Amino acid sequence: MRDFLTRLVRFGLVLTLACGASYLCNLWLLGFEAISLPSQATTLVIGDSYARNGLNPRALGGAVSVAQDAEPAMLTGSKLDHILNTNPQIETVVWGLGPHTFAQYNDTKLSTHGQTFAMFRRYYPLMTPGAWWDLGVTVAPREWTIMLMGHWLVPDRHLLRDWIRAEQNALEHRQHPYVGGFSSRSSAVQADTVDARAVVLQKYPESSWDDPVSDAQTTHFRALVDGLNNRDVRLLLVSTPMHPAYRRAMPPAIVDHFESDCTEPRPMLRWTGST
């Protein structure tokens, strides 16, 4: 029995040291995750699928889009800080957004089984494990444990691949999993035959209509705005187009929050109509 316990302790010690070494290795590899945008790119497009599908960077004088599908504002802020730290040539940030940017359903992307892991797989190179807790959203413990084991306690092959590419000067900004980019998908435009209310209820369940606004997303939105002001980077907010029926079917509280509390005090370009 004593020999068994001794072996068990030794095994646990070796496992702990191996996991600790992997953790430190991954932290070191994260130092090579710097994004280098083209030197002539002084305008950056950010946002979720609305910006990714609706804002063509070519129409903005050679801008670069890093908009990514289903990206919550809190992760947009983390990504933007990471990019600006290594790209001082950026003078203007164009953010495509809408009422949905401030909706509570964005919080569930970090607290729901499946969605949390999908977000982590995309954005983990930007953040240490503890930083996820600082986002202001309760991350499901089971998901956090799986993410920690899968990405931090073993050497990460994606980080190793990016390190090799960086050493060979062959790592392009588009190859980072969180970057995204412009995508001209015709399916992103809703047809008149679509049931607007059914689409709205996918993002705004009836149980959330009395209070559909996310305090966490709003806080990170304002922090992003203040951060750009401190960096002396111009921010242009763009209200991306929505079908009139879709907009009418949205909870009035989220539309009011978008119009008055968040975007009304700041310059914003708006599209009207269905396109």
Side-chain angles (χ1 to χ4, degrees), residues 1-36 66 68-86 104-180 214-217 219-220 223:
M1 182 67 178
R2 184 175 181 178
D3 289 341
F4 171 75
L5 291 176
T6 300
R7 292 177 181 178
L8 185 63
V9 170
R10 288 177 178 174
F11 174 77
L13 181 60
V14 171
L15 181 62
T16 300
L17 291 174
C19 291
S22 296
Y23 177 79
L24 294 176
C25 177
N26 286 336
L27 283 180
W28 179 75
L29 289 172
L30 286 178
F32 295 90
E33 281 293 307
I35 294 179
S36 297
V66 295
Q68 181 62 280
D69 294 339
E71 183 171 275
M74 58 178 59
L75 294 180
T76 298
S78 299
K79 179 170 76 175
L80 184 60
D81 282 341
H82 184 73
I83 293 175
L84 292 179
N85 285 340
T86 54
Q104 284 190 16
Y105 85 93
N106 287 300
D107 298 354
T108 65
K109 295 173 183 177
L110 295 177
S111 60
T112 303
H113 180 69
Q115 292 191 62
T116 304
F117 192 58
M119 288 290 107
F120 192 91
R121 283 199 306 173
R122 184 190 293 173
Y123 294 97
Y124 75 90
L126 295 177
M127 307 173 73
T128 60
W132 288 86
W133 292 106
D134 297 333
L135 290 176
V137 176
T138 302
V139 180
R142 174 189 173 189
E143 297 286 333
W144 195 89
T145 302
I146 294 174
M147 294 185 298
L148 181 66
M149 293 295 293
H151 289 282
W152 289 96
L153 300 187
V154 294
D156 189 272
R157 67 181 188 278
H158 300 295
L159 294 177
L160 285 170
R161 178 202 62 195
D162 290 350
W163 172 67
I164 293 173
R165 287 176 175 171
E167 288 294 294
Q168 297 172 344
N169 294 319
L171 181 61
E172 298 182 1
H173 72 274
R174 299 179 186 85
Q175 294 172 324
H176 295 274
Y178 47 84
V179 167
S214 165
D215 292 335
Q217 305 301 329
T219 297
H220 284 278

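Numbers for residues simply follow the sequence, beginning at 1. Not measured: the values here are computed from a predicted model.
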* **Trace of the side chain to side chain contact (heavy atoms under 4.5 Å, CB included) decision for Y123 with H82** => CA-CA 11 Å; Y123 294 97; H82 184 73; over 6 Å; no

Name every donor-acceptor pair, under 3.5 Å, that has one atom in a side chain of residues 72-79 and the other anywhere in the protein, sequence neighbours excluded.
from, atom 1, to, atom 2, distance (Å)
T76, OG1, E71, OE2, 2.6
T76, OG1, P72, O, 3.2
S78, OG, M74, O, 3.4
K79, NZ, V66, O, 2.5
K79, NZ, E71, OE1, 2.7
K79, NZ, E71, OE2, 3.4
K79, NZ, Y178, O, 3.0

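Side-chain contact between Q115 and T108: present, with at least one pair of heavy atoms (C-beta onward) separated by less than 4.5 Å. The closest side-chain heavy-atom distance from Y105 to Q217 is not below 4.5 Å.
Nearest heavy atom pair, residue L135 against residue H220, reads O-NE2, 2.7 Å. Nearest heavy atom pair, residue R122 against residue D69, reads NH1-O, 2.6 Å.
With rounding to the nearest 0.5 angstrom, the CG atom of D81 is 6.0 Å from the CG atom of N85.
Between the side chains of S214 and D107, at least one donor-acceptor pair of N or O atoms lies under 3.5 Å.
Contacts of D215 classified as side-chain hydrogen bond (donor to acceptor under 3.5 Å, both in side chains), with partners at least two apart in sequence or in another chain: none.
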